[in-house]
Amino acid sequence: MLYRSRHGATGPMFGVLFGELFKLMKQIDVDHDLARALWATGNVDARNLALKIADPLVMTSEELDRWAREVPLRMCNLYVATLAAEGPHARKKVREWCKSSDDRLRAAGWTLLGRLSDLDESFPDDELLRGVGEIEKLIHTASNELKSDMNQIGRAHV
């Protein structure tokens, strides 16, 4: 449990190692109904596994918003962003989340922008450049957590 607590996890958890969750993910593959049930428990470990087995093609827009707000560990933002990037709501979510007044959604939006530029070859370069321009304007007044998410784009695209 201390490992997850050190990384900002709050709420009920078993302290399952990430390596064990990856083993379960490989056994389960994709099971969106199970992912939804795991998410509903509120348990940090169950939610972490849910992020790994959810089906991005079946994620609803509302579900993506909720999961982005409730992600159990900030380091799991990448999983939420990847689910969004691989699903039908990606482009809408990147615009919505990057402009959100909710810090959690905004952080997910910056991470999603990076994932889209990595995973979607048809993602317009000018949209990425617009996002980088926004980051340049906002990063100096952003919270440390948000700065971290913004910096991920810079590291991936230098």
Side-chain angles (χ1 to χ4, degrees), residues 1-120 131 134-135 138-139 141-153 155-156:
M1 272 194 228
L2 293 176
Y3 172 76
R4 296 270 167 39
S5 296
R6 269 196 318 253
H7 293 286
T10 58
M13 65 186 99
F14 300 114
V16 180
L17 298 173
F18 272 62
E20 295 301 316
L21 291 175
F22 277 110
K23 288 178 190 174
L24 286 170
M25 176 193 75
K26 287 180 181 182
Q27 290 174 358
I28 297 167
D29 195 30
V30 174
D31 185 334
H32 201 71
D33 290 335
L34 178 57
R36 284 178 171 149
L38 289 168
W39 194 267
T41 68
N43 182 283
V44 171
D45 303 295
R47 284 185 166 186
N48 194 345
L49 180 58
L51 289 164
K52 293 170 176 55
I53 64 168
D55 185 343
L57 299 176
V58 217
M59 292 286 294
T60 66
S61 178
E62 295 77 21
E63 204 166 31
L64 283 167
D65 289 342
R66 190 174 68 255
W67 288 25
R69 278 191 203 98
E70 297 174 358
V71 69
L73 296 161
R74 283 203 59 94
M75 59 200 273
C76 290
N77 268 353
L78 182 63
Y79 297 127
V80 174
T82 302
L83 280 170
E86 293 176 345
H89 309 290
R91 300 221 179 153
K92 178 182 170 199
K93 287 300 163 193
V94 76
R95 287 187 290 277
E96 282 179 15
W97 289 352
C98 285
K99 296 198 180 300
S100 175
S101 61
D102 183 309
D103 265 359
R104 302 297 293 276
L105 289 180
R106 224 175 23 256
W110 296 120
T111 305
L112 175 54
L113 178 63
R115 294 306 288 153
L116 278 173
S117 67
D118 287 342
L119 298 174
D120 183 350
E134 278 296 301
I135 289 171
L138 301 172
I139 197 163
T141 57
S143 67
N144 287 337
E145 293 84 9
L146 201 50
K147 283 179 186 177
S148 176
D149 291 297
M150 291 173 166
N151 278 323
Q152 294 305 313
I153 295 169
R155 286 189 195 113

### Task
Can you tell me which residue pairs pass the salt bridge (Lys or Arg N to Asp or Glu O under 4.0 Å) test with a partner in residues 46-55, sequence neighbours excluded?
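Checked against salt bridge (Lys or Arg N to Asp or Glu O under 4.0 Å) - neighbours excluded - the pairs reaching residues 46-55 are Arg47-Glu70.
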Exercise: identify the closest heavy-atom pair between [X] and [Y]:
X	Y	answer
Ala54	Trp67	CB-CZ3, 3.8 Å
Leu49	Met25	CD1-N, 4.0 Å
Leu38	Ala50	CB-CB, 3.9 Å
Gly131	Leu113	CA-CD2, 3.8 Å
Gly109	Val94	O-CG2, 3.7 Å
Asn77	Thr111	O-CG2, 4.1 Å

Between side-chain atoms of residues 80-89 and protein atoms elsewhere (two or more places apart, or another chain), which donor-acceptor pairs fall under 3.5 Å?
unit_1	atom_1	unit_2	atom_2	d
Thr82	OG1	Leu78	O	2.7
Thr82	OG1	Arg115	NE	3.0
His89	NE2	Met59	O	3.1

### Query
If you measure from the Lys or Arg side-chain nitrogens to the Asp or Glu carboxylate oxygens, is any gap between Glu134 and Lys99 under 4.0 Å?
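No salt bridge links Glu134 with Lys99.
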### Message
Please determine whether a side-chain nitrogen of the Lys or Arg among Arg66 and Glu62 lies less than 4.0 Å from a carboxylate oxygen of the Asp or Glu.
### Response
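Result for this pair is no, no salt bridge flagged.
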Enter the distance from [X]:[atom1] to [Y]:[atom2] here, rounded to the nearest 0.5 Å.
X	Y	atom1	atom2	result
Lys93	Leu112	NZ	CG	10.0 Å
Leu57	His32	CG	NE2	10.0 Å
Ile28	Leu34	CD1	CG	5.0 Å
Arg91	Arg95	CZ	CZ	8.0 Å

### Task
Look only at the side chain of Arg104 and the backbone of Ala68, and say whether a donor-acceptor pair between them is shorter than 3.5 Å.
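Not confirmed, Arg104 side chain does not pair with Ala68 backbone.
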### Query
Can you tell me if Asp65 and Trp97 form a side-chain donor-acceptor pair at under 3.5 Å?
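A pair is found: one side chain offers a donor N or O, the other an acceptor, under 3.5 Å apart.
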